[in-house]
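Okay, so here's the structure we're looking at.
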Amino acid sequence: MILPVDFYDRPTLDVARDLLGKVLMYRSRQGVASGMIVEAEAYIGEDDPACHAAVGRTERNAPLYGPPGRAYVYLNYGIHHLVNAVTEREGHPSAVLIRALEPLDGLALMRRRRAQAPWRAGKAAVPDHHLCRGPGNLSRALGISLADNVRPLTRGPLLIRDEGLEIGELAWDGRIGIRVGTDRRWRASVAGHRSVSG
DNA sequence: CGTTCGATGCACT
DNA sequence: GTGCATCGAACGT
């Protein structure tokens with residue numbers, strides 16, 4: 001079952017927790033690639049210094065202010081596309097960053113896309129559990145790009161589904177990879193999972 | 001193990 | 001001009 005908009009129209013920490021074990025799927029012309037979400041971070045409101053909305057509304061962060069259940073995709077460090085699920089109702093800028101997946105379908109396609117990264121030329125094949133480890137890596141593996149920004153996660157090529165998968169123990173830790181707001185323990189992950197980036 | 005650092009594009013000041 | 005919600009290689013212990 002595809003997660004409905006109501007799933008995202010809730011407190012962001014609840015959405016982050018409940019996204020663990022759900023399946024992020026991308027259907028492209030080249031085929032389907034999907035994985036179970038094992039790591040996610042909450043970014044909540046203009047008072048969260050690490051949230052893109054901390055600077056107020058701009059053209060780039062406008063999707064955060066829009067309706068829940070859509071993707072917020074942006075380019076980071078000039079190289080990586082990072083994908084978020086927008087949460088809470090319009091006017092409450094918040095989202096969950098998807099940081100890692102356990103690959104399920106389309107592993108060969110993922111491996112091909114990862115190998116196309118310029119810095120991987122001539123390198124060994126990426127091991128399965130590293131294919132979607134890290135937010136930049138998972139976007140590349142699934143083929144997510146800026147074209148997916150603001151697209152609904154409830155239909156179209158980029159979807160999140162509940163397939164009833166079981167997860168292990170859930171852990172809350174400080175968010176990583178940011179320079180401010182690291183004290184907030186808003187990173188949810190499947191404890192000890194080998195695809196978690198932290 | 002650990003830390004440092006370059007690549008690379010663009011939003012924001 | 002500055003600074004990233006990253007990745008992975010290169011070095012030092």
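Below, read A as the first sequence line, B as the second, and so on, with proteins coming before strands; counting in each chain starts at 1.
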In whole Å, what is the span from the CD1 atom of I79(A) to the C1' atom of dC7(C)?
-> 7 Å
Just checking G136(A): base, sugar-phosphate only, or nothing, at a heavy-atom cut-off of under 4.0 Å?
-> sugar-phosphate
Which one, dC7(C), dA5(C), dA9(C), comes nearest to the side chain of Y43(A)?
-> dA5(C)
Crowding at CZ, R194(A) (>12 non-hydrogen neighbours, <6.0 Å) = no
Starting at OH of Y74(A) and ending at P of dT6(C), how long is that distance when rounded to a whole Å?
-> 7 Å
Check the distance between dC10(B)'s P and N76(A)'s CG and give it to me in whole angstrom.
-> 13 Å
Can you check the R60(A) CZ to dG3(C) P distance for me, whole Å?
-> 15 Å
Nearest to side-chain heavy atoms of L75(A), which nucleotide of dC10(B), dC7(C), dA5(C) = dC10(B)
Quick one: label R140(A) by what it contacts on the DNA or RNA (base, sugar-phosphate, nothing), any heavy atom closer than 4.0 Å.
-> nothing
Determine whether any donor atom in the side chain of N61(A) lies under 3.5 Å from an acceptor atom in the base of dA11(B), or the reverse, and answer yes or no.
-> no
Tell me: NE2 of H52(A) to C1' of dA5(C), nearest whole Å?
-> 5 Å
Test side-chain contact (heavy atoms from CB on, under 4.5 Å) applied to I2(A) and R155(A), step by step = CA-CA 8 Å; I2(A) 296 174; R155(A) 56 195 158 80; over 6 Å; no
Verify the contact: side-chain N or O of R179(A) to OP1 or OP2 of dG3(C), cut-off strictly under 4.0 Å; return yes or no.
-> no
Tell me: CG of L138(A) to P of dA5(C), nearest whole Å?
-> 17 Å
Give N137(A) one of three labels, base, sugar-phosphate or nothing, depending on what nucleic acid heavy atoms sit under 4.0 Å from its own.
-> sugar-phosphate
Using the C1' atom in both, what is the distance from dC10(B) to dG8(C), to the nearest Å?
-> 22 Å
Residue from D9(A), D14(A), T12(A) passing side-chain hydrogen bond (donor to acceptor under 3.5 Å, both in side chains) with T87(A) | T12(A)
Are there more than 12 heavy atoms of other residues, nucleotides or ligands under 6.0 Å from atom CG of D183(A)?
-> yes
Answer with yes or no whether the side chains of H52(A) and Y72(A) bring together a donor and an acceptor at under 3.5 Å.
-> yes
Starting from P on dT6(C), measure out to NE2 on H130(A) and report it in whole angstrom.
-> 17 Å
Does A95(A) or R120(A) map to a spot on DNA chain C nearer the 5' end, using the closest nucleotide for each?
-> A95(A)
Expressed in angstrom and rounded to an integer, what is the separation of I44(A) atom CD1 from dA5(C) atom C1'?
-> 14 Å
Aromatic-base stack, W119(A) on dA9(C), cutoff 5.5 Å, angle under 30 = no
Determine which nucleotide pairs with dA5(C), using a 3.5 Å limit on both distances of a Watson-Crick or G-U wobble pair.
-> none
So what does R99(A) hit on the nucleic acid, given a heavy-atom distance under 4.0 Å: a base, only sugar-phosphate, or nothing?
-> sugar-phosphate
So does H80(A) reach the base of dA5(C) with its side chain, donor to acceptor, closer than 3.5 Å?
-> no
Can a donor-acceptor pair be found between the side chains of R99(A) and S195(A) at a distance below 3.5 Å?
-> no
